[in-house]
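Here the structure comes first, spelled out in structure tokens, and everything after it is commentary.
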Amino acid sequence: MKPAAFEHLRPDTADAVAGLLSPEAKVIAGGQSLGPMLNLRLARPARLVGLGAVASLRDIREENGMIVLGAAVSHARIEDGDSPVALPPMLRHVARGIAYRAVRNRGTIGGSLAHADPAADWIAALTALGAQIVLRSAAGTDRRVAMPGFVQGAYRTALGPDEIIAAVEVPAAMRDALWGYDKLCRKVGEFADAIGAVALHPASGHVRLVSGATGAGPLVLAEAGADLARSARHPGSPALRDALAAALPGTDPVKLRLLATALSRAIAKVLPA
Amino acid sequence: MTSGIGARVPRKEDARHLNGKAQFVGDIKIAGCWEAAFVRSPLAHARLRGIAKPAGFEDRVFTAEDMADLRPIRCESTLPSYKVSDYPALASGKVRHVGECIAICIAPTRAEAEDLAEAVAVDLEPLVPIAGIDTALGPDAPRVHEDWDDNLFLTTRHDGDLSGAKARAAVVIERSYETARQAMNPMEGKGVLAHWDHRADQLVVHTSTQVPHLIRTGLSDCLGLDQAQVRVIAPDVGGGFGYKCVLQPEELSVSWVARRTGRAIRWTEDRREHLTAGANTRQHRYKLTAYADGEGRLLGLDADIWVDVGAYSVWPFTACLEAAQAGGNLPGPYDLGAYACRTYSVATNKPGFTPYRGVARPGVCFAMELTLDAIARAVGKDPLEVRCLNLVQGAAMPYTNVTGKYYDSGDYPAAARAAGEMIGADTFRARKEAAAAEGRLIGLGYACFTEQSAHGTKVFAAWGLPMVPGYEQAMVKLAPSGAVEIRSGNHSFGQGLETTIAQVACDWLKLDISRVKVTMGDTGLTPYSTGAYASRGMVMAGGAVSKASEELARRLRLHGAHLLQCEPEETEIRDGAVWKGQASASFAEIADAWYLHPDRLPEDVDTAGLEVTEGYKPDIDTGLFTYATHAAIVEVDPESGRTQILDYVIFEDCGRRVNPMILEGQSYGGAAQGIGSALFEETLYDGAAQPLTSTLADYILPGPAELPHFRLGHSETPSPHSRHGIKGVGEGAAIAPAGAIVNAINDALAPLGAELTRIPATPHRVLGAILDASAAREAAE
Ligand SMILES: Cc1cc2nc3c(=O)[nH]c(=O)nc-3n(C[C@H](O)[C@H](O)[C@H](O)COP(=O)(O)OP(=O)(O)OC[C@H]3O[C@@H](n4cnc5c(N)ncnc54)[C@H](O)[C@@H]3O)c2cc1C
């Protein structure tokens, strides 16, 4: 399959990128999700606006207690810790489990969030870490949307028609978080069948248990989930099973069990038996 | 000599592949070549009411109506009850599967051709889709082919008398099994580039095929050209596996358009086309009843086998090879007692069935091997012991089995025991208990099979196919430089034949392999061959090269003796020369004398010269039987359903090994494909026969991380019937993995009371079986 014809623009500021957006235009970052969709002609924008020339979107810095990752930072850079400021270990671990290296070299954190594949890793991991997404509009103004609120369902986000993702902000305290991440997938580098993501930061009272790859957006199981966590180290645990079944009505029992397994394994990394 | 039979010679073809210099159809450059894209059916079953070409582009879009002079692919068979179907290059009247070609569009680039394809308006009236066997055989089923009175391409029966087995059986095992539909996924899909060569007055067709000479025959028939007016060239081919051993509708359309327009036209299959229109293999269903005595000895087997063969019969193998082979091969390496079997080749709205590496036997082996384990569990014996009891014993060789297969040589139980030893069968139970104590589920499984290779004239004639292979020909000649050239109409597309047939020549001519040039796959340059399929390449092309090389060696000694002024009987060949004592005439000198300085030869020189073409087939037509036992140890994670292969052993006997390194590669590759069938690969359909797995994100192929480190063991029982004792081995390793792995999974799951009978054994299926078993247990309590 070859894509339908399109025009390719590469402006050099984030505002200019946002300014070029229209119903006929689409941002392209690493092209690892959009590329296949163009080839299959499932996406057929008349114009592609590339992020490659916007240097600021590749910045990583620390500001006001937040680690700020530019939207066009690649999975590979996060995996390698190729950053002027230390990255939370959980980010590096999650990056390493996305696809395989060739895809990670090009795929970006912003692209993954904007695409919002329900089985993707970042939407779940960043929810557990309490990240917020910085959206830049054509007018040059920024707004911030916290995870998981940024993801509104499968492939649906809070992005407005004239907005792009400029950056992702992760609380710097998450460097010290206790975390667990478990991804069940059919082969190395595949999208997940189930994700469990847990981050605890007792000092700031941050407790997040997240079930990912549910078919919709990431599911936060009770902000104050410590009790659940303690009882949920076995995937067969009724507490966990009931919590998932209640939150995901209509999900088939095998899928529920996979979600429970991933979550309980993530928890076990934080609270060993 | 290091390059002869038995040497681990590096592959001649690898340098160009590793340097990116190989020439696949997509790499060929012909000035003015345009690209083609197909309009394909979005529906599985529909009446084709009309096709509207985009205005202004009428001469760039072609439909069946334009190609009235093109005959459909029509594959006859003389088997009783067989029904013939027309397989048109472009749909006419009706479409019968998603992805069926409706129109071909040409443009300077593929992207533009696809733009054009999108602009073609196709008017389809949906018909009730036949998505599977049950619908097809239902009482009011619509017909795939309207002039038929049911949806069966063929039924076969083998009516053995089971009354004795039934009367004496201590154990009766009944099981149903299913294997998924698959796509073969060669790295390079189909590809064809055709143009008319005015100088040669020939249609020249470059196509990614295993069987160039057959394609020439088939193309000429359909296009109404004399075969001399068609030259088919199979350049580098990126994997075949059976996918490319049949005449392709796209080969017809592209050739027709090239001839009509006077342009070079190329089409290359993309992965989505492959995964939808190419999902054409492996889908079987079994219902077996096995009768055994209290020791686990098989007394009889009763079987029904259904194959979902899709809509069309492929040329030249028909839609029925699969089911016929399944019925014939189900007994496998076992001594069954009585056997009754009925097979049904069921027409559905899916792509036409094509034989894939192992042909029928991966399904058959899966069904048989799971049944043997069920018997072993029922009689409380070790599965390996039950196998050894039932396998045809070494002392019984040669042996004619219950379906008339002639097992030429070997010791099947010895291979099974050797595999058991390699995998550590005697200590496994202790290992399993230790794992269980840690809460881990591990299991051991076996699968045994025979691989009928290079079956020939009588076998194919009995199937009544339009093509019956006979004598394979090869040319071996001495170049004026003293180098050796081999020409074979067979083809090398990853199996290493380019290297191994050169080794056979080296064996006779005592040359280093660098002095041997091999040309294959071009009907303009090579003697006729029906091509590479049925594990026949090494036996047949190798045998033909052997025979021709032997004759060339004889003539070299004749000519050499002239130059050495002695008798031919006094000479010997070594180091690229003919020797008498200390004196020698190099091949270069002998060639120079014959081609350029005949003044050095006597008047009565043998004028047959130094170019030899010979035809060869083994002493028997019934095939040479390679055999093996695979053994696997797996761990099943009961919380995720994931299976991890902890150890994998293959013990095989394929007669004389021509190049052990290449053989290992064949084993790894075949086993990898078998593991794909066992655990990963599946073309899923919805109720409307729409394929749901149209990209590699949905159709999961195993990757390096999913494959175990295969451990191989060998014995060598040369076939008494082939040159050098060679047996075929190309398909074998793909046959057994599903049986071995699912038996191992079932062994691991036995404590939970779960049993799998369907592949692929995906985590979802394994976990589902575990949850079902535990629900059943709870209900019972
Ligand atoms: C073989 C393969 C395996 C994969 N496996 C995994 C996996 O295991 N886990 C996983 O999470 N992902 C996986 N992916 C997806 C991968 O992570 C992609 O990199 C990611 O989904 C998209 O990032 P991208 O930069 O390539 O975005 P693109 O493909 O360029 O764009 C994706 C979408 O986001 C939009 N977009 C991109 N950047 C922005 C922005 N800054 N602002 C607004 N919109 C934007 C685009 O318009 C487009 O709609 C896999 C991909 C492949 C090809």
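Keep in mind that the numbers below use all heavy atoms, side chains included, and drop hydrogens, waters and symmetry copies. In what follows, every chain begins at residue 1, and chains take the letters A, B, ... in the order their sequences are listed.
At a 4.5 Å heavy-atom cutoff, the contact between A:D252 and chain B is made by side-chain atoms alone. Contacts of B:P702 with chain A are made by backbone atoms alone, with heavy-atom separations under 4.5 Å and no side-chain atom involved.
B:P54 meets the side chain to side chain contact (heavy atoms under 4.5 Å, CB included) test with B:F57, B:V61, B:L116, B:A119, B:V120; sequence neighbours excluded.
Here the closest heavy-atom approach between residue A:R257 and residue B:L771 is recorded as NH1-CD2, 3.5 Å. Of all heavy-atom pairs between A:K2 and B:R110, the closest is CG-CG, 3.6 Å. Nearest heavy atom pair, residue A:E190 against residue B:A697, reads OE2-O, 3.7 Å. In terms of heavy-atom proximity, A:P3 sits nearest to B:A111 at O-CB, 4.3 Å.
Residues of residues 676-684 of chain B lying under 4.5 angstrom from chain A, judged on non-hydrogen atoms, are B:L679, B:F680 by number. Against chain B, no residue from residues 97-110 of chain A qualifies, as none has a non-hydrogen atom under 4.5 angstrom away. Residues of residues 30-49 of chain A that come closer than 4.5 Å to chain B, counting heavy atoms only, are A:L40, A:R41, A:R44, ordered by residue number.
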**OP:** Please assess B:R642 against A:D193 for the test salt bridge (Lys or Arg N to Asp or Glu O under 4.0 Å), listing each intermediate value before the final yes or no.
**Re:** CA-CA 11 Å; B:R642 246 185 101 103; A:D193 290 327; over 6 Å; no

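We find the CG-CD distance between A:L258 and B:E639 to be 10.0 Å, quoted to the nearest 0.5 Å. Put simply, CE on A:M1 and OG on B:S694 are 10.0 Å apart, with the number rounded to the nearest 0.5 Å.
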